[in-house]
Engineer: 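Shown below is the structure under consideration.
Proteins get letters first, then strands, A, B, ... in listed order; numbering begins at 1 in each. Basis for what follows: all heavy atoms, side chains included, without hydrogens, waters or symmetry-related copies.
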Number of protein chains: 2
Amino acid sequence: MAEIRTPNRPIYRQVAEQIAEEIEAGILPADARISSERELAERYGISRMTARAAINILVQRGLIVRRNRSRAYVAQPKFRFDLSSPGGLHEQLRKAGVEPGAKLITAEMLPYDALSPRVAQALALDDEETFVYHIVRVRTANGEPIALEDSYFPAHLFPDLLDFNLTDSIYGILRKYFGVEPAGSVQELEISLLDAEWAEIMGVAVDLPTLEIWRQAFTADNAPFEFAHDIYRGDRILFIARTASPESFLAGSGLLWQRALDNLQAEGA
Amino acid sequence: MAEIRTPNRPIYRQVAEQIAEEIEAGILPADARISSERELAERYGISRMTARAAINILVQRGLIVRRNRSRAYVAQPKFRFDLSSPGGLHEQLRKAGVEPGAKLITAEMLPYDALSPRVAQALALDDEETFVYHIVRVRTANGEPIALEDSYFPAHLFPDLLDFNLTDSIYGILRKYFGVEPAGSVQELEISLLDAEWAEIMGVAVDLPTLEIWRQAFTADNAPFEFAHDIYRGDRILFIARTASPESFLAGSGLLWQRALDNLQAEGA
DNA sequence: AAGTGGTCTAGACCACCAT
DNA sequence: TGGTGGTCTAGACCACTTC
């Protein structure tokens, strides 16, 4: 039986730190199987509930992932996603050598009446004859579910959108077949815990920390063409964002940004 | 004894939902005191550990706050913070009618040798004679700790910076006394759980969900003047961000943004 | 002094998964 | 079928807050 008890710091936290150190030191490499809760309890001479509390911390911190309702494994490094890049998640994953995918949950056409006021307002719709496409997808990276995307598109801008292969990049479809180039967006971000309902749909654990984004996307001629509510797993994704006041854009600091961003990305390697 | 057991959904989650509903319905208004864990256990006919699990969910979701190591109260609505606004947290809180404050934790001048490579690189320092100011503060809103700010400033740009009142807005000081206008930044965002060490400094519960930001800020002439590592409480803050490709700025879509942002803010009320 | 949250135990039962 | 995670219980002790 290993002995790690020291005063003051709770045991479950000490056990979590010990396991975290083993992960960071490479003793437990990515995808290594974590000992079962009962094994940990015996090894450290603690109760199973205490061992479980330790694992739960590491799951929430993203160091460990549970598969199904089965055992826990050391997590792979986080994916990187630039919130301010016009290229969407799909393109960014592909550029990073990760296989992006999507599982279609819902694809339907809704009449104006069925829209929430928020959606209608965000898409600047006031014609009661209008229809809107509603698409819900689980986004995956190397087959792993990493985000849920609940999006709305004005039907008159993208006729027969639902006939395309909606497991591809939707922004790619808009660009290729409809000539729509996303030029800007307004996003609202909230940190939250994954809802039981969404967790069920995504097939991951409830209560994982997530980044929720409500996004209003515009074309270059200032027309809103998408309203979306995205939920990203915070335990699997590292987010990047660039911000600036308009003046600095006019001063041509785009290059500076690119340099600085390259620095950040180089460091993350 | 109240009866709320139904099949399938775990009891602690049902109790959490019940309390959440009472909060949303206004039966438990902001600052109302939550029943003690033992009281809840008795009322619902469950064990104290189960009642405690229910409360923990609501604390992490930001609906409930624990004060000290004492009882739990219904949380006030979240503060709003626009990550892409050049105005910092201080100014934004003030505009929203909230009293911003800061508690100084550390204020020191460091030689080049003491800097981590990341700090030196972010500030574009290569002169080994250089000094850097290092300031750590706990940011508060209406007296409540909401963020921790760990920032570095090149000393040659801001001589005697430490002599100013560092519980004021630092950006305000830079602007007023040094004529430095922040023009842009590159930020890296990560969702994480609050570290025991930082939780201690901030005086809040460990493991709260947070937004960590590493920020490199630039003046209009592209000189980096700040590198900062901020930790924001996700349970108390709602974040907003605007993004766009440079082209849309040149096309003059700033007004559009302002309109869209106003919409978002109006809805949040 | 009484009450409270924070921690911990040693069991238990169940549904599900891998073998 | 045996092991696993998910849940739940009925206690316990401690440090601290509140009164």
Side-chain angles (χ1 to χ4, degrees), chain A residues 1 3-19 32-60 64-74 193-194 196 199-200 203-208, chain B residues 1-19 31-60 64-74 193-194 196 199-200 203-208:
Chain A
M1 160 185 146
E3 185 56 70
I4 63 163
R5 303 200 189 202
T6 57
N8 276 339
R9 214 138 78 281
I11 300 174
Y12 66 90
R13 208 160 285 282
Q14 296 176 43
V15 172
E17 283 168 18
Q18 175 120 347
I19 297 173
R33 200 175 68 174
I34 304 293
S35 305
S36 79
E37 295 171 0
R38 287 168 177 88
E39 282 168 3
L40 287 173
E42 192 181 6
R43 183 185 317 159
Y44 292 113
I46 58 181
S47 77
R48 191 188 143 211
M49 290 293 277
T50 304
R52 179 172 174 75
I55 291 187
N56 279 342
I57 289 180
L58 299 177
V59 168
Q60 285 234 320
I64 284 180
V65 288
R66 291 192 203 278
R67 297 187 183 158
N68 295 324
R69 287 180 188 90
S70 182
R71 296 186 59 154
Y73 298 80
V74 176
L193 300 191
L194 190 56
E200 168 86 23
V204 300
V206 71
D207 281 342
L208 283 179
Chain B
M1 158 186 148
E3 186 55 72
I4 63 162
R5 304 201 189 201
T6 57
N8 277 337
R9 211 133 82 284
I11 299 173
Y12 66 90
R13 208 160 285 284
Q14 295 176 45
V15 172
E17 284 167 18
Q18 175 120 345
I19 297 173
D31 284 327
R33 200 176 67 175
I34 304 294
S35 305
S36 79
E37 296 171 358
R38 287 169 178 87
E39 282 168 3
L40 287 173
E42 191 181 8
R43 183 185 317 159
Y44 292 111
I46 58 181
S47 77
R48 190 187 145 213
M49 289 293 278
T50 304
R52 180 171 173 75
I55 291 187
N56 280 342
I57 289 179
L58 299 177
V59 168
Q60 285 235 320
I64 284 180
V65 287
R66 291 192 203 279
R67 297 190 183 156
N68 294 325
R69 289 181 186 87
S70 181
R71 297 188 58 156
Y73 298 80
V74 177
L193 300 192
L194 190 56
E200 169 85 23
V204 300
V206 70
D207 281 341
L208 283 179

Engineer: In whole angstrom, what separates Asn56(B)'s CG from dG6(C)'s P?
Structural biologist: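 Computing the Asn56(B):CG to dG6(C):P distance gives 7 Å.
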Engineer: Please examine the side chains of Arg43(B) and Val15(B), heavy atoms only from C-beta on, and report whether any two atoms are closer than 4.5 Å.
Structural biologist: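 Counting from C-beta outward, Val15(B) and Arg43(B) never come under 4.5 Å.
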Engineer: Let me confirm one number: the CD-CD1 distance from Glu37(A) to Ile55(A), rounded to the nearest 0.5 Å.
Structural biologist: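 Here the interatomic distance stands at 5.0 Å.
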Engineer: About how many Å separate CG of Leu40(B) and CD of Gln18(B), when rounded to the nearest 0.5 Å?
Structural biologist: 10.0 Å
Engineer: Tell me: CZ of Arg13(B) to C1' of dC8(D), nearest whole Å?
Structural biologist: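 Going from CZ in Arg13(B) over to C1' in dC8(D) covers 14 Å.
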Engineer: Would a 4.5 Å heavy-atom cut-off, applied to side chains only, mark Gln14(B) and Tyr44(B) as touching?
Structural biologist: no
Engineer: Would you indicate which nucleotide in dG6(C), dC8(D), dG6(D) comes nearest to any side-chain atom of Arg66(B)?
Structural biologist: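 Output: dG6(C).
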Engineer: Within this structure, what is the CD-to-P distance between Glu37(B) and dG5(C), rounded to whole angstrom?
Structural biologist: 5 Å
Engineer: Check every atom of dC8(D), dT4(D), dT7(D) against the side chain of Glu39(A) and return the nucleotide holding the closest atom.
Structural biologist: dT4(D)
Engineer: Is any side-chain heavy atom of Arg66(A) less than 4.5 Å from a side-chain heavy atom of Leu208(A)?
Structural biologist: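 SC-SC contact between Arg66(A) and Leu208(A) ruled out.
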Engineer: Distance check needed: dT9(C) P versus Arg52(A) CZ, whole Å only.
Structural biologist: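 Rounded to the whole Å, the gap is 15 Å.
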Engineer: Can you measure Gln14(B) atom CD to dG6(D) atom C1' for me and round it to whole angstrom units?
Structural biologist: 14 Å
Engineer: Using a 3.5 Å distance criterion without hydrogens, assess whether the side chain of Glu39(B) forms a donor-acceptor pair with backbone atoms of Ile34(B).
Structural biologist: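 Flag not set: sc Glu39(B) to bb Ile34(B) has no pair under 3.5 Å.
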Engineer: Between dT9(D), dC8(C), dG6(D), which nucleotide gets closest to the side-chain atoms of Thr50(A)?
Structural biologist: dC8(C)
Engineer: What residues, two or more places apart in sequence or in another chain, satisfy salt bridge (charged side-chain N to carboxylate O under 4.0 Å, His left out) together with Arg67(B)?
Structural biologist: Asp31(B)
Engineer: Can you check the Ile46(A) CD1 to dG11(C) C1' distance for me, whole Å?
Structural biologist: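 So the CD1-C1' distance, Ile46(A) to dG11(C), works out to 16 Å.
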Engineer: Where do N or O atoms of nucleotides 12-18 of chain D meet protein N or O atoms at under 3.5 Å, pair by pair?
Structural biologist:
unit_1  : atom_1 : unit_2   : atom_2 : d
dA12(D) : N6     : Arg48(B) : NH1    : 3.3

Engineer: For dC8(D), take OP1 and OP2 only and decide whether either is under 4.0 Å from a side-chain N or O of Tyr12(B).
Structural biologist: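 No, outside the criterion.
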Engineer: How long is the line joining CD1 of Ile34(A) and C1' of dG5(D), in whole Å?
Structural biologist: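 These atoms are roughly 14 Å apart.
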Engineer: Report the distance from atom CD of Glu42(A) to atom P of dG11(C), rounded to the nearest whole Å.
Structural biologist: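 After rounding, the gap between these two atoms is 13 Å.
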Engineer: Choose from dC8(D), dT7(C), dT4(C) the nucleotide whose nearest atom is closest to any side-chain atom of Ser36(B).
Structural biologist: dT4(C)
